[in-house]
Amino acid sequence: MTTADPTTSATAAAAARAYLMPTYPVPAVTFVRGLGSYLYDVAGMAYLDFVGGLAVTSLGHSHPAVAAALAAQSQTLLHVSNLFGTTVASEVAATLNRLLESGEGGVFFANSGAEANECAIKLARKWAGEPGQRYTVVSALNSFHGRTLATLHATGQAAKHQAFQPLPQGFRHVAYGDLAAMEAALDPTVVAAVLLETLQGETGVNEAPAAYFTGVQELCRRRRILLMIDEVQTGLGRTGRWFGFQHFGLQPDVVTMAKALGNGVPIGACWARTEIASAFVAGDHGTTFGGQPLAAAAARAVLAVMEAEDVPARAEKAGDRLRSGLLSLPGVGPVRGLGLLLAAELVGRSAMEVTAAALRRGLVLNAVTPTAIRLAPSLLVTDDEIDEALAILEAVLTEPADGAPS
Ligand SMILES: Cc1ncc(COP(=O)(O)O)c(C=O)c1O
């Protein structure tokens with residue numbers, strides 16, 4: 001079996017980080033090319049990518065339809081600002097509105113997941129009325145909603161808040177999956193919205209029961225509080241449905257997405273039902289780049305391929321194969337998640353150590369907790385690629401824990 005050359009990769013990694021802020025650990029590998037489910041490093045070694053740029057490259061790397069759309073758009077119109085309309089952004093908004101199946105709505109395009117959530121938070125405040133009265137957003141402990149100051153506070157992880165106090169006011173966190181805790185937190189005199197993920201992707205692909213989601217929706221309806229679903233990681237086919245909330249029959253008021261929408265080209269979107277979206281008037285919110293033609297052309301191509309290939313159904317089927325393959329491996333405990341957003345709990349092994357060993361053997365995984373690995377491959381992943389990834393993981397899990405390839 002081929003293994004990575006640590007000397008070449010480490011040198012390239014050090015060079016790649018020389019003038020960057022140290023917000024990420026020094027990487028073990030530097031990639032130069034990607035095609036489908038494979039990535040290639042500076043030394044030409046191939047890696048099966050089962051992280052997909054953190055659930056972003058849902059159609060795989062260098063998808064020809066996306067590449068062609070980008071090339072064509074770059075020669076047609078790159079940017080005009082949101083002071084003017086573009087047909088490409090309107091088309092993407094119309095397609096999203098249809099796929100969300102949650103009624104008529106309006107879209108605000110952003111450049112990332114955090115910005116899509118920032119828009120949702122501002123919209124909730126504006127919709128709720130009298131400024132300074134009803135503005136609290138309730139989210140879940142262990143959630144992840146972004147790194148801007150407001151979305152950082154919506155993120156239910158105290159350790160990430162510590163260094164950045166004071167954070168903007170108006171956020172409360174309750175245990176994920178605990179309906180009674182949510183009910184107690186939803187004081188309609190101060191709470192404007194609930195912001196929830198349908199799977200907590202960044203903190204372990206944590207699940208909550210269907211009854212929790214329908215119960216929260218019911219509470220929100222009764223207390224006139226917005227139900228905002230963060231589909232940044234789970235959206236656009238990843239879980240085997242177009243959106244994670246569709247597993248639970250929800251009709252959210254606001255939905256945010258990003259990651260897979262551009263297959264690697266930065267674009268985010270915040271959708272809201274028309275009557276809620278219309279709380280915003282011109283000048284309330286804005287962005288120079290959000291939904292600009294190049295990003296929108298990528299999104300239009302992504303959605304067209306996803307619809308033509310029924311990507312959610314493919315993700316569901318491939319997810320079943322990956323899940324049962326994982327469950328049959330020695331050293332794998334419970335597997336969480338839906339479709340192709342899965343986390344496998346490891347028995348008696350460190351996820352960091354297993355991830356590093358897999359990388360040396362040419363498989364890209366993510367240590368999502370100290371004891372669990374996350375898998376989020378391309379939604380077009382083939383059965384052979386799934387089997388190849390499982391074989392590499394099996395080799396890693398059966399080798400001695402010091403990581404020497406057998
Ligand atoms: C559920 C969720 N929301 C928001 C974000 C933030 O997205 P971005 O990194 O594009 O700002 C992420 C990123 O991982 C996410 O998983």
Side-chain angles (χ1 to χ4, degrees), residues 21 23-24 51-58 108-124 137-157 160-161 164 167 171 173 176-177 193-208 213 227-239 241-248 250 252 254-271 287 289-292 295 298-299 302 336-343 366-369 372 374-376:
M21 288 194 191
T23 52
Y24 285 90
V51 175
L54 296 171
V56 167
T57 50
S58 286
F108 177 87
F109 285 114
N111 307 287
S112 65
E115 283 178 65
N117 284 333
E118 190 83 24
C119 172
I121 293 162
K122 283 180 71 177
L123 180 62
V137 171
V138 177
S139 57
L141 289 169
N142 290 321
S143 59
F144 187 82
H145 299 294
R147 301 280 195 162
T148 63
L149 285 174
T151 60
L152 178 62
H153 206 182
T155 292
Q157 299 180 55
K160 288 191 165 63
H161 298 165
F164 302 102
L167 291 170
F171 296 91
H173 309 103
Y176 190 56
V194 167
L195 177 61
L196 279 181
E197 297 157 272
T198 46
L199 281 174
Q200 292 185 320
E202 287 305 295
T203 53
V205 192
N206 307 318
E207 302 168 347
F213 292 110
L227 177 61
M228 312 202 297
I229 301 288
D230 178 341
E231 293 275 358
V232 168
Q233 187 152 163
T234 46
L236 299 159
R238 172 65 48 197
T239 66
R241 299 277 194 282
W242 279 106
F243 294 94
F245 68 78
Q246 291 167 342
H247 289 276
F248 311 113
L250 303 180
V254 177
V255 180
T256 57
M257 67 195 87
K259 291 194 184 275
L261 186 55
N263 205 54
V265 177
I267 179 166
C270 174
W271 173 94
T287 162
F289 289 123
Q292 59 90 270
V302 165
R336 299 183 289 273
L338 290 164
L340 282 172
L341 181 56
L342 298 176
N366 170 248
V368 72
T369 71
R374 173 173 47 172
L375 303 99

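Atoms considered below: every heavy atom in the structure, side chains included; atoms not considered: hydrogens, waters and symmetry mates. One-based numbering, in listed order, for ligands and for the atoms of each.
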Original post:
What do the steps show when you test M228 against N117 for side-chain contact (heavy atoms from CB on, under 4.5 Å), and what is the final call?
Top reply: CA-CA 9 Å; M228 312 202 297; N117 284 333; over 6 Å; no

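A donor-acceptor pair shorter than 3.5 Å cannot be found between the side chains of H145 and S139.
Residue-level contacts of ligand 1 at the 4.0 Å heavy-atom threshold are S112, G113, A114, N117, F144, H145, G146, E197, E202, D230, V232, Q233, K259.
Ring orientation note: the planes of H173 and H153 are tilted relative to one another, at an angle of 30° to 60°.
Between atom CD1 of residue I267 and atom CZ of residue F109 there is a gap of 5.0 Å, rounded to the nearest 0.5 Å. Interatomic distance, H247 NE2 to T239 OG1, rounded to the nearest 0.5 Å: 3.0 Å.
Take Q200 and apply the side-chain contact (heavy atoms from CB on, under 4.5 Å) test, not counting sequence neighbours, and it matches A140, N142, S143, Y176, E197, T203, N206.
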